[in-house]
Protein chains: 2
Amino acid sequence: MSRPQPPKRATVHDIAAAAGVSRGTVSRVLNGGYVSAEARAAIEAAITEVGYVPNTAARALKMRRSEAVAFVALEPHSLFLDDPNIGSIMLGANAELSLADHQMVSLVVESGRDMERVARYLSGGFVDGAIVVSARAHDPIIQVIGDLRLPAAFVGHPPDLDGTIPYVGIDNAGSAREVTTRLVATGRRRIGMIAAALDRDSGSDRLAGFRAALGPHFDAGLVAEVPHYDYGSGVKGMRLLLERDPAIDGVFAASDAIAAGALEALREAGRSVPSDVGIVGFDDSTWAVRTQPQLSTVHQPAKEIGAVAAQLILHQLRGEQLETLGRLLPTPVIWRDSA
Amino acid sequence: MSRPQPPKRATVHDIAAAAGVSRGTVSRVLNGGYVSAEARAAIEAAITEVGYVPNTAARALKMRRSEAVAFVALEPHSLFLDDPNIGSIMLGANAELSLADHQMVSLVVESGRDMERVARYLSGGFVDGAIVVSARAHDPIIQVIGDLRLPAAFVGHPPDLDGTIPYVGIDNAGSAREVTTRLVATGRRRIGMIAAALDRDSGSDRLAGFRAALGPHFDAGLVAEVPHYDYGSGVKGMRLLLERDPAIDGVFAASDAIAAGALEALREAGRSVPSDVGIVGFDDSTWAVRTQPQLSTVHQPAKEIGAVAAQLILHQLRGEQLETLGRLLPTPVIWRDSA
DNA sequence: TACGGATGTGTGAACGTGCACACAGTAGGA
DNA sequence: TCCTACTGTGTGCACGTTCACACATCCGTA
């Protein structure tokens, strides 16, 4: 159990000793204040001489601020594999935090053990705030955030959370309604949906929007429910729809990956897109432009989502009042060739 | 500039006061030691009463150990978009660190500003070690790791690093040689390569293996160099090869994404795969089974790579001697339909 | 001469921990 | 009776930093 001590590092004391001044003066050189020219020179020489590297962790303890913000990804397995947006959201958040000189640290939660450890980490004083992706209300993370009043922001808002934590997302229902309405307007009559991830707000809201757009013409039999947003689910979902109604001529897929899978199933069934069947996806991910034909889809401003989440944290850190708890970002619909 | 202080938290002192004992006794309850039954009971009651949450950061300062390991992704933009493996590597590393109760924190470096801040973070005492993906020798990260003797491990070994930092990777050259040899063995005569990311070890080693396999038959004119491992590069690279030699009948693509792009270009040129042209990819990513035909490719054990990188760090933290500096993991070749 | 302000420096305390040490009481054996 | 061992508790210090305060010097002005 006895682990080796890491090598001894130079501290402000060492610099002070080497330069023949006190720690206070060294601190003033590092952080600003009145210092004479010769003292400054001696100290700067001493710093390079002893190879001083400031211990930010000690500063964080004293200052009660680490200038670090956590990016917590729950269920990262499905996120990283099925959702091409998570990377962009991360990069968007990082870029925004970077401008404010804050360090983003990403934590993934795959197991219950992870969950507990991450909760400890968040409450341990290592970070000043947390961006949380795809949480549920009963997660210990939420508990920690509530108990410590840790500044936080959710990406997509869990339906089972009370309105106490700021969030950013997109209008899933509205976008779904918009693309579905367009399918109707272009003459599609038998319109189905491949709905996924109904246990998440994104999934259920997209289905709700689809349903709202069709109104009285909504037919529950033309909704294929699949677990995830991935390609394989798309293939299975489309096969199911074709089986239930061979005359189907329009499909709203809950993600681009699903749409790509659906195209595959349609190809194997001998249907051509968009002449026989019109299909729209969701995400505007890299899938959209790689399929044949290219997908009409809903553009997710992933980078902006990350950036806004970061801003929500930074605002709280500055003690500013948030004007609204939630922010929904616009989602332009991209019309390409598949519908 | 004056930021609000975070709400005051309960400390061991508060517990001690509430329970009528000294800090030392509280510490013994938390960390083990001789404590009387009534003292323990009083302290445990006090802990829940005042809502105590241990400050791990303070413990880390005192112990000089944070039990956290950084996962540094350089150039994450291309990594996350082009390289489907990075997510799996992360999850593999996290799982392994999790078993040892260490927290993995991922840091992305996109800009020079990021680079500097991450270097500061690594040297600030927040982490005990670092897993670094796709570094170059001149990166400040390397400097920091060297200066502080921070335990580290590289994923893939940069060609311009001296042998001082442990690494884990795959035998890119050997695998490339193996698949190329197979192309030859199945009767392909005009074999080209779409080579990418030649400034990284993975890219240059794959090209070297290809070259070695062909020996005297190697023709530099049949190598199309593209910048990244992505789909678009595959399309362009294949068009270039077809232009240079319309009789080309075998292609080694440096990644599955490139191979998928190449298939697209071959389709538009009216060539059929594998009858006219045989093609092999690299990565065994999700691409491989989504293309038509499915790709023969080199399987990258991404999860294991992450796990081994984590082990390399944990070994160093335990002060154990590493038997070898580098570890190359086996890469089974998956033969599907494209060659 | 005395005083106030600007400039420059040193000292002590604190952030929240964990550990070494000192000390006290009890019990057992030589 | 003394020495040792074990249990139980409190105090002081250290980790490396920053900040408040005290103090010291110099200059210009009343």
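The analysis underlying the following values was restricted to heavy atoms, covering all of them including side chains, and did not include hydrogens, waters or symmetry mates. Every chain is numbered from 1 and lettered A, B, ... according to where its sequence line falls, protein lines coming before strand lines.
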TODO: Would you kindly give the CZ-to-P distance between B:R59 and D:dG16, to the nearest whole Å?
DONE: 18 Å
Task: Distance in angstrom units between B:I47 CD1 and C:dT17 P, rounded - done: 10 Å
Task: Heavy-atom pair with the smallest gap, counting every atom of A:I43 and A:V29 - done: CD1-CG2, 3.6 Å
- [ ] May I ask you to say what A:A39 touches in the nucleic acid, namely base, sugar-phosphate or nothing, with a heavy-atom cut-off under 4.0 Å?
- [x] sugar-phosphate
- [ ] Ignoring backbone atoms, establish whether A:N55 has a side-chain N or O less than 4.0 Å from OP1 or OP2 of D:dT17.
- [x] no
Task: Residue pair A:I313 / A:A153: nearest heavy atoms and the distance that separates them - done: CD1-N, 3.6 Å
TODO: Starting from C1' on C:dT17, measure out to CZ on B:R9 and report it in whole angstrom.
DONE: 12 Å
- [ ] Would you mind reading off the distance between B:R65 atom CZ and C:dG16 atom P, rounded to a whole angstrom?
- [x] 24 Å
TODO: Looking only at side-chain atoms of A:Y52, point me to the closest of D:dT17, D:dT9, D:dT18.
DONE: D:dT17
TODO: May I ask you to evaluate whether A:T11 reaches the phosphate of D:dG16, defined as a side-chain N or O under 4.0 Å from OP1 or OP2?
DONE: no
- [ ] Measure distances between side-chain N and O atoms of B:R64 and base N and O atoms of C:dG18, and say whether any donor-acceptor pair falls under 3.5 Å.
- [x] no
Open item on the list: Suppose we call a contact any N or O donor and acceptor under 3.5 Å apart; does that hold for the side chain of B:R23 and the base of C:dG18?
Closed with: yes
- [ ] Rounded off to whole Å, could you give me the CD-to-P distance for the A:E38 and C:dT7 pair?
- [x] 16 Å
TODO: Could you tell me the separation between the CE atom of B:M63 and the P atom of C:dA20, rounded to a whole number of Å?
DONE: 9 Å
Task: Side-chain N,O (A:S36) to OP1/OP2 (C:dT9) below 4.0 Å - done: yes
Open item on the list: Taking only side-chain N and O atoms of A:Y34, does any of them lie within less than 4.0 angstrom of OP1 or OP2 on C:dG8?
Closed with: no
Open item on the list: If I compare all heavy atoms of A:A70 with all of A:L122, which pair ends up nearest, and what's the gap?
Closed with: CB-CD2, 3.6 Å
Task: Note: B:D101-A:R113 ion pair, threshold 4.0 Å (strictly below) - done: yes
Task: Donor-acceptor pair (no angle test) under 3.5 Å: A:R40 side chain, C:dG8 base - done: no
Open item on the list: Check whether A:D147 reaches the backbone of A:V144 with its side chain - one donor and one acceptor, N or O, closer than 3.5 Å.
Closed with: no
- [ ] Give the nucleotide from the list C:dG10, C:dG18, C:dG16 with an atom nearest to the side chain of B:N31.
- [x] C:dG18
TODO: Looking only at non-hydrogen atoms, find the nearest pair between B:Y121 and A:Q103 and report the distance.
DONE: CD1-CG, 3.7 Å
- [ ] Measure the acute angle between the ring planes of B:F126 and A:F126, then classify it against the limits of 30° and 60° as parallel, tilted or perpendicular.
- [x] perpendicular
Task: Phosphate OP1/OP2 of C:dG10 contacted by A:T25 side-chain N/O (<4.0 Å) - done: yes
Task: Nearest-nucleotide pick for B:R28, side chain only, options being D:dG10, D:dC19, C:dT9 - done: D:dG10
Task: Sugar-phosphate only, base, or nothing, as touched by A:A57 at under 4.0 Å among non-hydrogen atoms - done: nothing
- [ ] Figure out the CG/P separation between A:L61 and D:dG16, and round it to whole Å.
- [x] 12 Å
Open item on the list: Let's see if you can work this out: which of D:dG8, D:dT18, D:dT17 has an atom nearest to the side-chain heavy atoms of A:A58?
Closed with: D:dT17
Task: Integer-rounded Å distance: D:dT17 P and B:K62 NZ - done: 15 Å
Open item on the list: So if I take the C1' atoms of five pairs at each end of the helix from C:dT1-D:dA30 to C:dA30-D:dT1 and get each local axis, what angle do the two axes make, rounded to 10 degrees?
Closed with: 70°
Task: Heavy-atom pair with the smallest gap, counting every atom of A:A93 and A:M104 - done: CB-SD, 4.0 Å
